[in-house]
*Asks:* 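First the structure, which I've put down as structure tokens, then a few questions once you've had a look.
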Amino acid sequence: MYKISSLDFNIQKIAHSGQCFRLNRVENGYRLVAFGRRLNIIEQDGCCLLDCTCDEYNSLWKSYFDMDTDYACFSLAVPKEDGYMRQAVDFGRGIRILRQEPFEMLVSFIISQRKSIPAIKTSVEALCRKFGEQIDEGIYSFPTAQSLKNAPTNELAACSLGYRTQYVKDAAELVADGLFALDKLNSLDDGALLEKLMKLKGVGMKVASCVLLFGYHRLDAFPRDVWINRIIDSEYNGEIDLAPYKGFSGVMQQYMFFFARETKS
DNA sequence: ACTCAGGTATCCT
DNA sequence: AGGATACCTGAG
């Protein structure tokens with residue numbers, strides 16, 4: 001067991017912030033599947049108990065949960081005249097940007113287009129069940145590129161991918177064949193990485209931005225989805241100035257997204 | 001039954 | 001360049 005006790009770490013908010021599709025509520029807490037491992041998380045007296053050894057925490061989950069980044073300091077950047085952002089940031093305190101795996105992010109966000117979050121989760125789970133490795137009873141890892149490349153198209157489609165089936169298959173094939181080496185893109189700057197990802201079919205501005213933010217930990221990436229656009233229209237007169245948040249505007253995006261969704265009528 | 005969902009590719013003008 | 005439209009499918 002490893003205990004995390006910090007106001008800047010809140011597993012429930014992270015689970016509802018929409019960045020991760022495999023962190024879900026179970027009987028007495030949350031269950032996360034990542035890196036081919038399962039991690040159980042229990043909330044207790046405002047603390048989080050991670051069901052792992054100290055070594056496993058230090059070598060894996062500490063980085064995954066981005067525990068070396070100081071999130072409290074981001075909050076200081078909000079201009080005092082921006083009441084909306086102030087509210088959003090305070091409301092979302094505890095959210096962190098997870099360091100997830102690039103391939104999983106790429107596939108998950110290709111799937112995400114024109115889908116609700118529950119529908120995305122259903123598709124992702126189906127993919128894992130069909131093409132991932134079994135880790136434990138009923139628990140499966142996210143499939144490798146090779147595994148998805150080899151997947152028969154009709155079985156991929158059976159994961160409710162709809163018109164995205166070919167997008168996923170194409171991306172998996174390119175990655176599996178080394179023609180699109182996700183692990184070698186780290187050296188690219190944000191702009192070049194974004195451009196590179198958008199070369200893939202089914203990857204537009206929004207999906208690529210999400211892959212940057214959640215898969216490559218580019219905290220300055222600012223995905224604009226319908227929620228964010230709605231906020232920018234209603235609260236910022238159609239144009240938001242991200243200059244105060246240079247280097248971490250993606251963190252602000254998460255606060256805005258979470259706030260808008262959690263407080264919707 | 002009907003709209004909309006964390007969009008994107010394609011086809012217009 | 002910028003705007004309109006089709007697209008699989010499930011949830012509300």
Side-chain angles (χ1 to χ4, degrees), chain A residues 13-25 88 91-92 95-98 100 102 104-130 148 151-174 180 193-236 238-240 242 249-265:
Chain A
K13 292 184 188 176
I14 293 170
H16 289 276
S17 66
Q19 60 179 301
C20 179
F21 304 110
R22 306 204 70 202
L23 171 58
N24 292 305
R25 183 83 226 197
F91 186 85
I95 293 174
R96 312 179 76 81
I97 309 295
L98 305 182
Q100 302 185 72
E104 179 172 341
M105 290 300 96
L106 177 61
V107 173
S108 298
F109 281 100
I110 285 175
I111 292 171
S112 80
Q113 60 185 264
R114 293 294 289 184
K115 270 183 181 289
S116 64
I117 289 179
I120 299 166
K121 288 185 174 182
T122 301
S123 284
V124 169
E125 269 330 292
L127 270 187
C128 295
R129 186 165 290 272
K130 271 178 179 285
L148 290 184
T153 305
N154 62 321
E155 286 195 37
L156 265 186
C159 299
S160 300
L161 301 195
Y163 63 88
R164 309 159 193 84
T165 303
Q166 200 55 43
Y167 297 159
V168 170
K169 200 162 177 53
D170 287 353
E173 186 168 338
L174 287 169
F180 204 98
L193 181 53
L194 194 72
E195 217 174 294
K196 176 83 177 167
L197 289 167
M198 285 175 63
K199 289 190 195 305
L200 296 169
K201 281 275 183 62
V203 178
M205 192 62 173
K206 155 65 169 65
V207 169
S209 298
C210 285
V211 177
L212 254 70
L213 183 56
F214 307 126
Y216 287 90
H217 207 68
R218 302 300 174 94
L219 295 186
D220 215 17
F222 190 88
R224 290 171 190 258
D225 53 52
V226 289
W227 290 91
I228 296 299
N229 285 331
R230 224 176 271 154
I231 295 167
I232 292 175
D233 282 345
S234 64
E235 306 292 330
Y236 295 92
E239 198 174 356
I240 189 168
L242 297 177
S249 56
V251 180
M252 296 297 146
Q253 188 269 7
Q254 281 289 277
Y255 291 137
M256 294 165 75
F257 180 78
F258 180 74
F259 182 55
R261 285 179 56 95
E262 294 290 314
T263 59
K264 68 178 182 233
S265 53

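Here is the naming used below: chain letters follow the sequence lines, and residue numbers restart at 1 for every chain. Owing to the predicted nature of the structure, the values given are computational and were not obtained by experimental measurement.
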*Asks:* Who pairs with A:Phe109 by ring-ring contact (aromatic ring centres under 6.0 Å, His included), at least two apart in sequence or on another chain?
*Replies:*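 Here the qualifying residues are A:Phe21, A:Phe214.
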*Asks:* What parts of residues 109-118 of chain A reach DNA chain B, counting only heavy atoms under 4.0 Å away?
*Replies:*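 Close to the strand are A:Gln113, A:Arg114, A:Lys115, A:Ser116, A:Ile117.
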*Asks:* Excluding sequence neighbours, so at least two apart, what forms salt bridge (charged side-chain N to carboxylate O under 4.0 Å, His left out) with A:Arg22?
*Replies:*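 A:Arg22 satisfies salt bridge (charged side-chain N to carboxylate O under 4.0 Å, His left out) with A:Glu125 once adjacent residues are dropped.
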*Asks:* A:Ser17 near the nucleic acid: base, sugar-phosphate alone, or nothing, with a heavy-atom cut-off under 4.0 Å?
*Replies:*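 If one applies the 4.0 Å heavy-atom cut-off, A:Ser17 turns out to touch a base.
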*Asks:* Using whole Å, report how far CD1 of A:Ile120 lies from C1' of B:dC4.
*Replies:*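 Between C1' of B:dC4 and CD1 of A:Ile120: 13 Å.
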*Asks:* Rounded to the nearest 0.5 Å, what's the gap from CD on A:Gln100 to CG on A:Leu23? Could you check?
*Replies:*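 The CD atom of A:Gln100 sits 9.0 Å away from the CG atom of A:Leu23.
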*Asks:* Expected output is a numbered-order residue list: members of residues 193-209 of chain A with a heavy atom under 4.0 Å from any atom of DNA chain C. What is it?
*Replies:*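 Contacting residues: none.
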*Asks:* First locate atom CE of A:Met256, then atom CZ of A:Arg224, and finally report the distance between them rounded to the nearest 0.5 Å.
*Replies:*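 So the CE of A:Met256 and the CZ of A:Arg224 are separated by 8.5 Å.
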*Asks:* Which heavy-atom pair separates A:Gly250 from A:Ile97 by the least distance, and what is that distance?
*Replies:*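 Distance-wise, the nearest heavy atoms are O-CD1, 4.3 Å.
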*Asks:* Just to verify, what does A:Tyr216 make a ring-ring contact (aromatic ring centres under 6.0 Å, His included) with, not counting sequence neighbours?
*Replies:*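 Partners of A:Tyr216 under the ring-ring contact (aromatic ring centres under 6.0 Å, His included) test: none.
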*Asks:* Roughly, in whole Å, what's the span from CD in A:Gln166 to P in C:dC7?
*Replies:*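 Taking atom P of C:dC7 as the reference, CD of A:Gln166 is at 17 Å.
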*Asks:* Produce the list of close N/O pairs, under 3.5 Å, pairing protein atoms with atoms of nucleotides 1-3 of chain C; give distances to one decimal.
*Replies:*
none

*Asks:* Which whole-number value in Å describes the distance from A:Asp170 CG to B:dT8 C1'?
*Replies:*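 Interatomic distance, CG of A:Asp170 to C1' of B:dT8: 14 Å.
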*Asks:* Which residues satisfy the salt bridge (charged side-chain N to carboxylate O under 4.0 Å, His left out) test with A:Lys196, sequence neighbours excluded?
*Replies:*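 A:Lys196: no salt bridge (charged side-chain N to carboxylate O under 4.0 Å, His left out) contacts found.
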*Asks:* Working to the nearest 0.5 angstrom, can you tell me the gap between A:Ser112 OG and A:Ile117 CD1?
*Replies:*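 Separation between the atoms: 9.0 Å.
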*Asks:* Please confirm whether A:Phe91 and A:Phe258 have ring centers closer than 6.0 angstrom.
*Replies:*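 Yes, they do, as the ring centres are separated by less than 6.0 Å.
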*Asks:* I'd like the P distance from C:dC8 over to B:dC11, given in whole Å.
*Replies:*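 To the nearest whole Å, 14 Å.
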*Asks:* For A:Arg218, check side-chain hydrogen bond (donor to acceptor under 3.5 Å, both in side chains) against everything at least two apart and list the hits.
*Replies:*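 Counting only residues at least two positions away or on another chain, A:Arg218 forms a side-chain hydrogen bond (donor to acceptor under 3.5 Å, both in side chains) with A:Asp190.
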*Asks:* Under 4.0 angstrom, heavy atoms only, what part of the nucleic acid is A:Arg261 near: base, sugar-phosphate, or nothing?
*Replies:*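 Sugar-phosphate, no base atom in range.
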*Asks:* Could you say whether A:Leu161 or A:Thr122 is positioned toward the 5' end of DNA chain C, judged by the nucleotide with the nearest heavy atom to each?
*Replies:*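 The 5'-side residue here is A:Leu161.
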*Asks:* Return the CD1 to CD distance between A:Ile110 and A:Gln166, rounded to the nearest 0.5 Å.
*Replies:*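 If I round to the nearest 0.5 Å, the distance is 11.5 Å.
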*Asks:* Without decimals, in angstroms, what is the distance between A:Arg164 CZ and B:dA9 P?
*Replies:*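 That distance rounds to 13 Å.
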*Asks:* Nearest 0.5 Å, please: how far is CG in A:Asp233 from CD1 in A:Ile240?
*Replies:*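 A:Ile240 atom CD1 to A:Asp233 atom CG measures 11.0 Å (nearest 0.5 Å).
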*Asks:* Roughly, in whole Å, what's the span from CZ in A:Phe21 to P in B:dA5?
*Replies:*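 Rounded to the whole Å, the gap is 15 Å.
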*Asks:* Would you mind telling me which residue lines up with the more 5' stretch of DNA chain B, A:Cys20 or A:Tyr167, judged by nearest nucleotide?
*Replies:*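 The residue mapped nearer the 5' terminus is A:Cys20.
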*Asks:* Any side-chain N or O of A:Ser160 less than 4.0 Å from the OP1 or OP2 oxygen of C:dT9?
*Replies:*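 So the side-chain polar atoms of A:Ser160 never come under 4.0 Å of the phosphate oxygens OP1 or OP2 of C:dT9.
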*Asks:* Any chance you could encode DNA chain B as dot-bracket? Rule is Watson-Crick or G-U wobble with both distances under 3.5 Å; [ ] for pairs crossing earlier ones, | for another strand.
*Replies:* .||||.|||||||
*Asks:* Output the residues of residues 251-258 of chain A in contact with DNA chain C, where contact means a heavy atom of the residue under 4.0 Å from an atom of the strand; sort by number or write none.
*Replies:*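 Heavy-atom contacts with DNA chain C come from no residue of residues 251-258 of chain A; none.
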*Asks:* Say you draw a straight line from CZ of A:Phe259 to OG1 of A:Thr263; how long is it, rounded to the nearest 0.5 Å?
*Replies:*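 OG1 of A:Thr263 is found 4.5 Å from CZ of A:Phe259.
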*Asks:* What residues form a salt bridge (charged side-chain N to carboxylate O under 4.0 Å, His left out) with A:Glu262, not counting sequence neighbours?
*Replies:*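 With sequence neighbours excluded, A:Glu262 shows a salt bridge (charged side-chain N to carboxylate O under 4.0 Å, His left out) to no residue whatsoever.
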*Asks:* Given atom OH of A:Tyr163 and atom P of B:dT8, what is their separation to the nearest angstrom?
*Replies:*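 Nearest whole value for this atom pair: 9 Å.
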*Asks:* Work out which heavy atom in A:Gln19 is nearest to a heavy atom in A:Leu98; give both atom names and the distance.
*Replies:*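 Closest heavy-atom pair between A:Gln19 and A:Leu98: OE1-N, 2.9 Å.
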*Asks:* Donor-acceptor pair, A:Arg164 side chain versus A:Leu161 backbone, under 3.5 Å?
*Replies:*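 Yes, A:Arg164 side chain to A:Leu161 backbone: donor-acceptor pair under 3.5 Å.
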*Asks:* Mind checking side-chain contact (heavy atoms from CB on, under 4.5 Å) for A:Ser160 and listing every partner two or more places apart, or none if nothing turns up?
*Replies:*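 For A:Ser160 the side-chain contact (heavy atoms from CB on, under 4.5 Å) partners, ignoring immediate neighbours, are A:Lys115, A:Ser123.
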